[in-house]
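Report on one structure; see the data block that follows.
The basis for the numbers below is simple: all heavy atoms, side chains too, and nothing from hydrogens, waters or symmetry mates.
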Amino acid sequence: MASQLPNKTYKIFSTIIALFISYVLLSIFFGNTPETLWPQKLSRFSQSAIRDGALDHISNSTLGFEHVYAIGLKERTDKRDFLTVSASVSGFQVEWLDGVRPQELQQKALPKGYNLSVNTPSEIGCWRAHMNALTNVLTNSYSTALILEDDADWDVNIKSQLQEFAHGLHSLKGSKPTEQAPYGTDWDLLWIGGCSSGPDTNETRYYAIPEDPTVPSVKNRGTWSGPLDSWKEIFPEDSTRFVYRAREGCCTYGYAVSNRGARKILTALAIDHIEGPVDNSMSELCGGLGDRQRIECFAPFPNLIGTYRPAGPAYKDSDIQNGDQTMHGELSHNMVYSTRRNIHELISDQETVLSQWGTESWSPAEIRPKEFVYPRGYLVN
């Protein structure tokens, strides 16, 4: 017994030494710039292993948020039907909130700056509908909520996209996800879907996802405001998605709020004052413009949620802007593998879906969603 003890002790000691050396080597290898070294130093499998865990909960029936709302006029059953089916094939559920018609509002109920005789009535109704959504978030004490408009569209890979967006968000904030809150709760607004967004002109920290097949080319997407030329010099603009702290944005196709964000936005735009469209006022909050207290906003560009326009007369598209008799073809704003444009393939469980733009050098004309692996990004300082 006594003769075996030194041998066992030696083995334990050797194991400890080996583990210590491995730790030192890994610390040297990744210590200074772990995020920026990932694309070159780690395989995709290794990255996935490190990043999985709490972010897997983004694959649940609320996309990792505590709740998902959809806003739409009750009589637009066509839009409700299409969004409900689209959400179903994407594996998440929505609770519908009725849109608001301006005639349902009284002047004395409007905040300072809004006047039913001056402002566009439909814009006022849109504002109230979004305020109602924020009120519901607070009434139900939701920690986070995603708010969609009834014509929202998204990529067939939305869950994988949101997982990488969440990783980008945590990389920028230096935070960690939890199973209960994969995106965290220490932010105010995530401008996931819109026409465009932009960072501060002097912003240097961002999260880049190069060679993203779900990014439409510049000619096939909306613009962003105030991009940094240095970002474009480092990465190919056509195929790179960026995540950053947002100074401004527009359109409210799909955005998320935390509970604290809902309180701040509702106070600013329902109790204090509002003068223009609700998205412009939210943008003012993100930038801290005028007398607005700045809120903490983050966004991807290009956006992850767009808007869908079926082929036909333009007047059917929007409930804010009516009367346009021009005809147009089917379009999904800023989407490559649009869920709505591929709805028949998805409900019939076909293996492939199609790009609405055809083949690009970084984006194939068709993909197999079950085999698709979304690219990994990294933090740039």
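- No side-chain heavy atom of Ser338 sits less than 4.5 Å from a side-chain heavy atom of Trp357.
- Under the 4.5 Å side-chain criterion, counting only non-hydrogen atoms from C-beta, Thr214 is in contact with Gln161.
- Atom CH2 of Trp127 sits about 14.0 Å away from atom CE of Met282, to the nearest 0.5 Å.
- Other residues, nucleotides and ligands contribute at most 12 non-hydrogen atoms within 6.0 Å of the CD atom of Glu351.
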Exercise for review: Under the side-chain hydrogen bond (donor to acceptor under 3.5 Å, both in side chains) rule, what do Tyr255 and His130 come out as? Steps first, then yes or no, please.
Suggested key: CA-CA 11 Å; Tyr255 63 93; His130 284 277; 2.8 Å; yes

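- In this structure, Asp151 pairs ionically with Arg309, as a charged nitrogen and a carboxylate oxygen lie closer than 4.0 Å.
- When ring centroids are compared, Phe298 and Trp191 stay outside the 6.0 Å threshold.
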Practice item. Could you give me the CA-CA distance, side-chain angles and deciding distance for Thr252 and Asp279, then say whether side-chain hydrogen bond (donor to acceptor under 3.5 Å, both in side chains) is met? Key: CA-CA 6 Å; Thr252 50; Asp279 59 333; over 6 Å; no

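- Rounding to the nearest 0.5 angstrom, the gap separating the OG atom in Ser90 from the CZ atom in Arg340 is 10.0 Å.
- In this structure, the side chain of Asn220 does not engage the main chain of Pro216 through any donor-acceptor pair within 3.5 Å.
- Between Asp200 and Arg245 there is no salt bridge, since no side-chain nitrogen of the basic residue lies less than 4.0 Å from a carboxylate oxygen of the acidic one.
- Of the possible polar contacts, none joining the Ser363 side chain to the Thr359 backbone as a donor-acceptor pair under 3.5 Å is found.
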**Study point:** Residues Asn259, Leu138; criterion side chain to side chain contact (heavy atoms under 4.5 Å, CB included); working and verdict
**Key:** CA-CA 6 Å; Asn259 190 275; Leu138 298 180; 3.8 Å; yes

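- No close placement of the Trp154 and Tyr253 rings is indicated, their centers lying 6.0 Å or farther apart.
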Practice item. Take Ile367 and Asn157 through the side chain to side chain contact (heavy atoms under 4.5 Å, CB included) test and state the conclusion after the steps. Key: CA-CA 10 Å; Ile367 61 169; Asn157 306 289; 3.6 Å; yes

Check your understanding: Could you walk me through whether Arg376 and Glu164 pass the salt bridge (charged side-chain N to carboxylate O under 4.0 Å, His left out) check?
Key -> CA-CA 7 Å; Arg376 301 294 184 173; Glu164 193 60 21; 3.2 Å; yes

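- Shown here for Ala133 and Ile147, the closest heavy-atom pair between the two residues is CB-CD1, 3.9 Å.
- In this structure, Arg101 and Lys74 have side chains that are not in contact, with every pair of non-hydrogen atoms separated by 4.5 Å or more.
- Under a cut-off of 6.0 angstrom, the local environment of CD in Gln103 is crowded, with over 12 non-hydrogen atoms contributed by other residues, nucleotides or ligands.
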Check your understanding: Could you walk me through whether Leu269 and Arg292 pass the side chain to side chain contact (heavy atoms under 4.5 Å, CB included) check?
Key -> CA-CA 10 Å; Leu269 304 188; Arg292 300 293 194 187; 3.6 Å; yes

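- Judged by distance alone, with hydrogens and angles left aside, the side-chain atoms of Thr120 form no donor-acceptor pair with the main-chain N or O of Ser122 at under 3.5 Å.
- The closest donor-acceptor contact from the side chain of Asn60 to the backbone of Gly64 lies under 3.5 Å.
- No continuous path of ILVMFWY side-chain contacts below 4.5 Å connects Leu304 to Tyr69, so the two sit in separate hydrophobic clusters.
- Checked by atom type, the side-chain pair Tyr308/Glu330 shows a donor-acceptor distance below 3.5 Å.
- In this structure, Gln180 CD and Thr185 OG1 are separated by 11.0 Å, a value rounded to the nearest 0.5 Å.
- Aromatic pair His67/Phe65: ring centres not closer than 6.0 Å.
- In plain terms, the two heavy atoms of Pro102 and Leu116 that are nearest each other are O-CD2, 4.4 Å.
- In summary, of the residues considered (Phe301, Tyr378, Tyr206), a ring pair (Phe, Tyr, Trp, His ring centres under 6.0 Å) with Phe242 occurs for Tyr206 alone.
- A single hydrophobic cluster is seen to contain both Ile158 and Ile347, as judged by linkage of ILVMFWY side chains at heavy-atom distances under 4.5 Å, directly or through other members.
- Here the side chains of Ile343 and Phe82 are in contact, with some heavy-atom distance below 4.5 Å.
- At distances below 3.5 Å, not a single donor-acceptor pair connects side-chain atoms of Ser88 with backbone N or O atoms of Thr84.
- Closest of all the heavy-atom pairs between Ser171 and Leu379 is O-CD2, 3.6 Å.
- Separation of the His170 and Tyr183 ring centroids does not fall under the 6.0 Å cut-off.
- Relative to the six-membered ring of Tyr244, Arg205 misses at least one condition, a distance below 6.0 Å or an angle of at most 45° to the axis.
- Taken together through direct or relayed side-chain contacts under 4.5 Å among Ile, Leu, Val, Met, Phe, Trp and Tyr, Ile295 and Leu146 form parts of separate hydrophobic clusters.
- Between the Glu149 side chain and the Ala70 main chain, no donor and acceptor come within less than 3.5 Å of each other.
- A donor-acceptor contact under 3.5 angstrom links the side chains of Ser143 and Glu66, judged on distance only.
- Separation of atoms CG (Leu331) and CD (Gln356) is listed at 5.5 Å; rounding is to 0.5 Å.
- The OG1 atom of Thr307 sits 9.5 Å away from atom CE of Met335, with the distance rounded to the nearest 0.5 Å.
- Here the side chains of Asp188 and Ile265 are not in contact, with every heavy-atom distance at 4.5 Å or above.
- In this structure, Gly254 and Leu148 approach most closely via the heavy-atom pair CA-CD2, 3.9 Å.
- With contacts defined as side-chain heavy-atom distances shorter than 4.5 Å, the pair Leu169/Trp187 qualifies.
- The pair Lys173-Asp186 counts as a salt bridge, with a side-chain nitrogen and a carboxylate oxygen less than 4.0 angstrom apart.
- The shortest heavy-atom contact between Asn119 and Glu275 is ND2-O, 2.7 Å.
- Rounding to the nearest 0.5 Å places CG of Leu73 at 8.0 Å from NZ of Lys79.
- The existence of a salt bridge linking Glu296 and Arg260 is confirmed by a sub-4.0 Å separation between a basic side-chain nitrogen and an acidic carboxylate oxygen.
- Within 6.0 Å of atom CD in Gln107, more than 12 heavy atoms from other residues, nucleotides or ligands are found, so the atom counts as buried in its surroundings.
- Taking each heavy atom of Gly193 and Asn303 in turn, the nearest pair found is CA-CB, 4.0 Å.
- In the displayed structure, Glu211 atom CD is contacted under 6.0 Å by at most 12 heavy atoms of other residues, nucleotides or ligands.
- For the pair Val94 and Leu83, the minimum side-chain heavy-atom distance is below 4.5 Å.
- Between Met131 and Leu266 the shortest side-chain heavy-atom distance falls below 4.5 Å.
- Between the side chain of Asp212 and the backbone N or O of Ser239 there is no donor-acceptor pair closer than 3.5 Å.
- One N or O on the side chain of Trp362 and one on the backbone of Val215 form a donor-acceptor pair closer than 3.5 Å.
- Under 3.5 Å, the side chains of His167 and Tyr207 contain a donor-acceptor pair of N or O atoms.
- For the cysteine pair Cys195 and Cys250, the distance separating the two SG atoms is not below 2.5 Å.
- Under the 3.5 Å distance criterion, the side-chain polar atoms of Arg241 are left unmatched by any main-chain donor or acceptor of Ile209.
- Side-chain atoms of Gln163 never come within 3.5 Å of backbone atoms of Ile58 as a donor-acceptor pair (strictly under, hydrogens ignored).
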